[in-house]
Novice: 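Here's a structure for you.
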Amino acid sequence: LFYCVVLAAPLLALRSDAERTAAIAVVAAACVGVVVATSARLLLADDASEHFWATRLGSPIRYPGANAALFLVSFWPAVVLAANRGLNVLLRAAAVGGAAALLAGALMTQSRAAAFSLAASAVVIFALAPTRLRLLVPAALATGLAAFAYEPLTDPFLKAGNELNDAIEAAATWALL
């Protein structure tokens with residue numbers, strides 16, 4: 001029953017396209033904000049490895065899989081915003097950057113389930129969305145940006161000791177770029 005209420009509330013409350021777009025933007029921006037805050041927290045920490053769980057990002061939630069889910073839940077909404085021709089080009093560019101940051105945060109968690117879920121959701125999105133071609137460009141840009149930083153984002157998984165803190169600092173810096 002709770003899930004029905006949670007699903008029905010926005011459907012009933014958000015009636016115009018502008019209201020729905022604003023709601024999508026708020027959700028996407030909130031999750032991007034979590035990635036940015038987490039990366040900043042890693043850079044400012046005396047011992048950044050305290051925020052990792054077995055060399056996987058364990059912050060802000062103490063479980064990497066939950067962090068990956070938190071970051072990826074807003075990936076497609078950010079891509080949808082970036083593909084929206086009615087939005088200002090700067091907002092669309094910020095949405096692509098936000099989508100890339102969300103992928104970067106998810107990569108730091110090293111969650112296989114998140115990778116599988118993202119791939120499965122991409123199949124569904126590109127199979128069913130009427131605007132699939134318009135979604136392809138921002139999704140590819142965000143994915144390309146995250147792929148470019150793949151090595152530093154996943155390097156903490158292979159490190160230990162002082163090397164781990166250096167790798168975490170590099171990963172957090174790349175996530176913020």
Side-chain angles (χ1 to χ4, degrees), residues 2-39 56-57 60-61 63-154 157 171 174-177:
F2 174 74
Y3 292 112
C4 290
V5 171
V6 168
L7 180 63
L11 291 174
L12 298 173
L14 304 173
R15 297 182 184 221
S16 73
D17 284 342
E19 289 174 341
R20 287 188 289 275
T21 300
I24 291 170
V26 167
V27 170
C31 288
V32 170
V34 172
V35 172
V36 170
T38 300
S39 297
R56 296 168 60 202
L57 181 62
I61 304 169
Y63 181 66
N67 287 320
L70 174 66
F71 299 148
L72 291 180
V73 75
S74 285
F75 174 74
W76 289 113
V79 169
V80 167
L81 289 172
N84 186 338
R85 291 182 187 166
L87 293 180
N88 179 298
V89 72
L90 294 176
L91 291 174
R92 293 174 66 191
V96 170
L102 292 165
L103 289 176
L107 278 172
M108 286 194 287
T109 68
Q110 290 290 296
S111 172
R112 289 184 307 244
F116 175 76
S117 299
L118 183 63
S121 67
V123 168
V124 171
I125 290 287
F126 290 117
L128 300 178
T131 58
R132 66 180 66 86
L133 292 177
R134 196 174 319 147
L135 294 172
L136 184 61
V137 172
L141 284 171
T143 303
L145 289 169
F148 181 75
Y150 178 83
E151 188 175 329
L153 291 170
T154 58
F157 188 69
W174 276 97
L176 288 174
L177 292 178

Novice: Can you find a heavy atom in the side chain of Pro60 that is under 4.5 Å from one in the side chain of Leu70?
Specialist: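 Sidechains of Leu70 and Pro60: in contact.
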Novice: Find out whether Ile24 and Leu81 are in side-chain contact, i.e. whether some heavy atom of one side chain is under 4.5 Å from a heavy atom of the other.
Specialist: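 Sidechains of Leu81 and Ile24: in contact.
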Novice: Roughly how far, to the nearest 0.5 Å, is the CH2 atom of Trp76 from the CG atom of Leu118?
Specialist: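 If I round to the nearest 0.5 Å, the distance is 6.5 Å.
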Novice: How many angstroms lie between OH in Tyr150 and CG in Leu103, if you round to the nearest 0.5 Å?
Specialist: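 The distance works out to 13.0 Å.
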Novice: Do side-chain atoms of Arg132 reach the backbone of Ala127 as a donor and acceptor pair under 3.5 angstrom?
Specialist: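 Present.
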Novice: Would a 4.5 Å heavy-atom cut-off, applied to side chains only, mark Asn84 and Val80 as touching?
Specialist: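 A side-chain contact under 4.5 Å is absent here.
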Novice: Looking only at heavy atoms, which two atoms of Ser111 and Gly65 are closest? And how far apart?
Specialist: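 That closest heavy-atom pairing would be OG-CA, 4.2 Å.
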Novice: Side-chain contact test, heavy atoms from C-beta onward, threshold under 4.5 Å: evaluate it for Ser74 versus Val32 and give yes or no.
Specialist: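 Side-chain contact under 4.5 Å: no.
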Novice: Is Gln110 close to Thr154 at the side-chain level, that is, under 4.5 Å between some pair of heavy atoms?
Specialist: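 They are in contact (side-chain heavy atoms under 4.5 Å apart), so the answer is yes.
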Novice: Any non-hydrogen side-chain atom of Ile125 less than 4.5 Å from a side-chain atom of Val79?
Specialist: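 Side-chain contact under 4.5 Å: no.
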Novice: On a heavy-atom basis, which atom in Ala149 and which in Trp174 lie closest, and how many Å separate them?
Specialist: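 Smallest interatomic distance, heavy atoms only, reads CB-CE3, 3.5 Å.
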Novice: Ignoring hydrogens, what is the shortest heavy-atom contact between Ala83 and Leu135? Give both atom names and the distance.
Specialist: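 Heavy atoms of Ala83 and Leu135 come nearest at CB-CD2, 3.8 Å.
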Novice: Quick check: are there more than 12 heavy atoms from other residues, nucleotides or ligands sitting under 6.0 Å from CD of Glu19?
Specialist: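 Yes.
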Novice: Between Met108 and Ser39, is there a side-chain heavy-atom distance shorter than 4.5 Å?
Specialist: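 Result yes, sub-4.5 Å side-chain heavy-atom pair found.
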Novice: Please name the pair of heavy atoms, one in Ala142 and one in Phe75, separated by the smallest distance, quoted to 0.1 Å.
Specialist: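 Scanning both residues completely, I find the closest heavy atoms to be CB-CE1, 4.0 Å.
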Novice: So, for Ala146 and Ala100, which heavy atoms are closest and what is the spacing to 0.1 Å?
Specialist: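 Closest heavy-atom pair between Ala146 and Ala100: CB-O, 4.2 Å.
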Novice: Between Leu14, Leu12, Val6, which is the residue that forms a side-chain contact (heavy atoms from CB on, under 4.5 Å) with Pro10?
Specialist: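 Of the listed residues Leu14, Leu12, Val6, the side-chain contact (heavy atoms from CB on, under 4.5 Å) partner of Pro10 is Leu14.
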Novice: Measuring from atom CG of Leu141 to atom CG of Leu136, what distance do you get when rounded to the nearest 0.5 angstrom?
Specialist: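 That separation rounds to 9.5 Å.
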Novice: Got a second to check how far Thr109's OG1 is from Phe157's CZ, nearest 0.5 Å?
Specialist: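 Reported to 0.5 Å precision, the distance equals 10.5 Å.
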Novice: Going from CZ on Arg92 to CG on Leu90, what distance comes out if it is rounded to the nearest 0.5 angstrom?
Specialist: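 It comes to 11.0 Å.
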Novice: Show the nearest heavy-atom pair for residues Phe126 and Ala139, with the distance to one decimal.
Specialist: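 For Phe126 versus Ala139, the nearest heavy atoms are CZ-CB, 4.1 Å.
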